[in-house]
Amino acid sequence: MKARSQLLSGAGRPARRSSKKPVPRMAPERRRALILQRAIEFFAEYGLTAQTRALADACGVAQRLLYRYFPSKAALLSEVYNEAIASPFKAVWRVQLKDRSHPWDERLTEFYISYFNNLLTRRWLRLFLYASLAEARMAPDYNQAILLETLELIVAETAADQNVELPEDRALLHELAYVLHGAVSHFAIRRHIYGASQTVAIDRTIALQVRSFLAGFAPAAAQACAMEARPRRLNHLSRQFTT
């Protein structure tokens with residue numbers, strides 16, 4: 001992932017011309033939407049620490065006009081999150097995951113193929129990774145508001161399908177689901193960021209990852225339950241010893 005250091009710091013930016021073409025007239029709603037789309041592309045390429053002055057240049061407007069529509073950089077980044085990070089997640093995916101009229105392996109595979117193609121794009125991944133590096137709230141907010149609920153649903157449906165017991169600890173549930181989610185996400189990173197893993201088709205790779213996850217789920221869930229029970233036993237013994 002290329003970091004354009006000059007634009008990140010604002011240094012080395014080309015000098016402004018003494019005369020610029022006048023900004024064409026445009027309806028305010030259209031202008032705002034155009035600036036937002038340019039901002040999404042801009043921050044995906046140069047990172048969230050890139051200067052708004054350089055963004056204004058990329059939009060072909062004065063910086064003061066940019067701030068007319070977005071009063072601060074924080075406000076702009078909030079809109080970028082809503083439009084480019086959160087919005088691509090489709091609520092219907094959760095409905096489809098719960099539809100037990102179809103086999104679970106088919107539902108899970110279809111979900112991750114759609115998730116990969118519609119959400120794990122090059123632009124989405126770059127924004128998400130840049131947000132993590134910049135310690136912005138985009139990545140944690142997405143995980144808390146959207147992702148973790150979906151991971152818990154995947155684990156619950158897998159457990160129901162295989163009739164296995166799950167631990168009560170939500171953190172352990174998430175780790176069980178990340179076995180598959182992490183594999184799919186890293187596949188997207190390899191393909192879109194590294195430019196690797198281009199040989200095997202997306203649907204075949206994800207089908208392979210889903211099958212591997214389902215095959216190992218029962219022993220992994222049993223291990224998670226054992227890990228959860230062990231501290232309980234230790235706490236019980238500790239209380240007995242102290243009394």
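In this chain, residues are counted from 1 in sequence order. Scope of the values below: all heavy atoms of this structure, side chains included, with no hydrogens, waters or symmetry mates. Source: prediction; values computed, not measured.
Within the 3.5 Å criterion, the main-chain N or O of Leu180 finds no donor-acceptor partner in the side chain of Gln209. Judged by distance alone, with hydrogens and angles left aside, the side-chain atoms of Thr121 form no donor-acceptor pair with the main-chain N or O of Asn117 at under 3.5 Å. Between the side chain of Thr158 and the backbone N or O of Ile154, at least one donor-acceptor pair lies under 3.5 Å. Under the 3.5 Å distance criterion, the side-chain polar atoms of Glu83 are left unmatched by any main-chain donor or acceptor of Gln37. Of the possible donor and acceptor atoms, none in the side chain of Arg191 sits under 3.5 Å from a partner among the backbone N and O of Ala196.
Considering only heavy atoms from C-beta on, Leu176 comes within 4.5 Å of Leu166 through its side chain. Leu34 places none of its side-chain heavy atoms less than 4.5 Å from the side chain of Cys59. Using a 4.5 Å heavy-atom cutoff, the side chains of Val95 and Asp99 are not in contact. No side-chain heavy atom of Arg126 sits under 4.5 Å from any side-chain heavy atom of His192. For the pair Leu147/His181, a side-chain contact is recorded, criterion being any heavy-atom separation below 4.5 Å from C-beta on. For the pair Arg190/Gln198, no side-chain contact is recorded, criterion being any heavy-atom separation below 4.5 Å from C-beta on. At least one side-chain heavy atom of Leu48 sits less than 4.5 Å from a side-chain heavy atom of Leu127.
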- After noting the C-alpha distance and the side-chain angles of Tyr142 and Phe128, does the key distance pass the side chain to side chain contact (heavy atoms under 4.5 Å, CB included) rule? CA-CA 9 Å; Tyr142 175 80; Phe128 196 82; 3.8 Å; yes
- side chain to side chain contact (heavy atoms under 4.5 Å, CB included) between Glu157 and Arg107, intermediate numbers included: CA-CA 10 Å; Glu157 288 294 315; Arg107 282 181 278 152; 3.1 Å; yes
- Apply the test side chain to side chain contact (heavy atoms under 4.5 Å, CB included) to residues His186 and Tyr194: give CA-CA distance (whole Å), side-chain angles for both, the deciding distance (0.1 Å), then the verdict. CA-CA 10 Å; His186 195 260; Tyr194 303 160; 4.2 Å; yes
- Apply side chain to side chain contact (heavy atoms under 4.5 Å, CB included) to the pair Leu173 and Leu151, showing each step before the final yes or no. CA-CA 8 Å; Leu173 296 179; Leu151 296 185; over 6 Å; no
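Following chains of ILVMFWY side-chain contacts shorter than 4.5 Å, one can reach Leu77 starting from Leu65, so the two form part of one hydrophobic cluster. Clustering ILVMFWY residues whenever any of their side-chain heavy atoms sit less than 4.5 angstrom apart, transitively, puts Tyr112 in a cluster other than the one holding Val200. Residues Val179 and Leu208 do not share a hydrophobic cluster, defined by chaining ILVMFWY side chains whose heavy atoms lie under 4.5 Å apart.
Judged as a side-chain hydrogen bond (donor to acceptor under 3.5 Å, both in side chains), the pairs with a partner in residues 145-156 (not counting sequence neighbours) are, in order, Arg94-Thr150, Glu152-Arg170, Glu152-His174.
One finds the CD1 atom of Ile146 at 9.5 Å from the CG atom of Asp141 (value rounded to the nearest 0.5 Å). Note that the OH atom of Tyr69 and the CZ atom of Arg31 stand 6.0 Å from one another [nearest 0.5 Å]. The distance from atom CD of Glu175 to atom CG of Asp169, rounded to the nearest 0.5 Å, is 9.5 Å. The distance from the CZ atom of Arg100 to the NE2 atom of His102 is 13.5 Å, given to the nearest 0.5 Å. Atom CD of residue Glu168 and atom SG of residue Cys225 lie 9.0 Å apart, to the nearest 0.5 angstrom.
Every salt bridge (Lys or Arg N to Asp or Glu O under 4.0 Å) that Glu79 has, sequence neighbours left out, goes to Arg32. With sequence neighbours excluded, the residues satisfying ring-ring contact (aromatic ring centres under 6.0 Å, His included) with Phe217 are Phe213.
In the model, Thr52 has a side-chain atom that pairs as donor or acceptor with a side-chain atom of Tyr67 under 3.5 Å.
Checked against a 6.0 Å centroid threshold, the rings of Phe42 and Tyr46 count as neighbours.
Of all the heavy atoms in Arg38 and Ala58, the pair that sits closest is NH1-O, 3.4 Å. Here the closest heavy-atom approach between residue Leu119 and residue Pro88 is recorded as CD1-C, 4.0 Å. Heavy-atom minimum distance, Phe116 versus Phe187: CE1-CD2, 3.3 Å. The shortest non-hydrogen separation linking Trp124 to Ile85 is NE1-O, 3.1 Å. Between Leu76 and Leu36, the closest heavy-atom pair is CD1-CD1, 4.4 Å. The shortest heavy-atom contact between Thr109 and Asp105 is OG1-O, 2.7 Å.
Aromatic ring pairs are classed by plane angle as parallel below 30°, tilted from 30° to 60° and perpendicular above 60°; the pair Tyr115 and Trp93 is tilted.
Salt bridge Glu41/Arg123: present, at least one basic N to carboxylate O contact under 4.0 Å.
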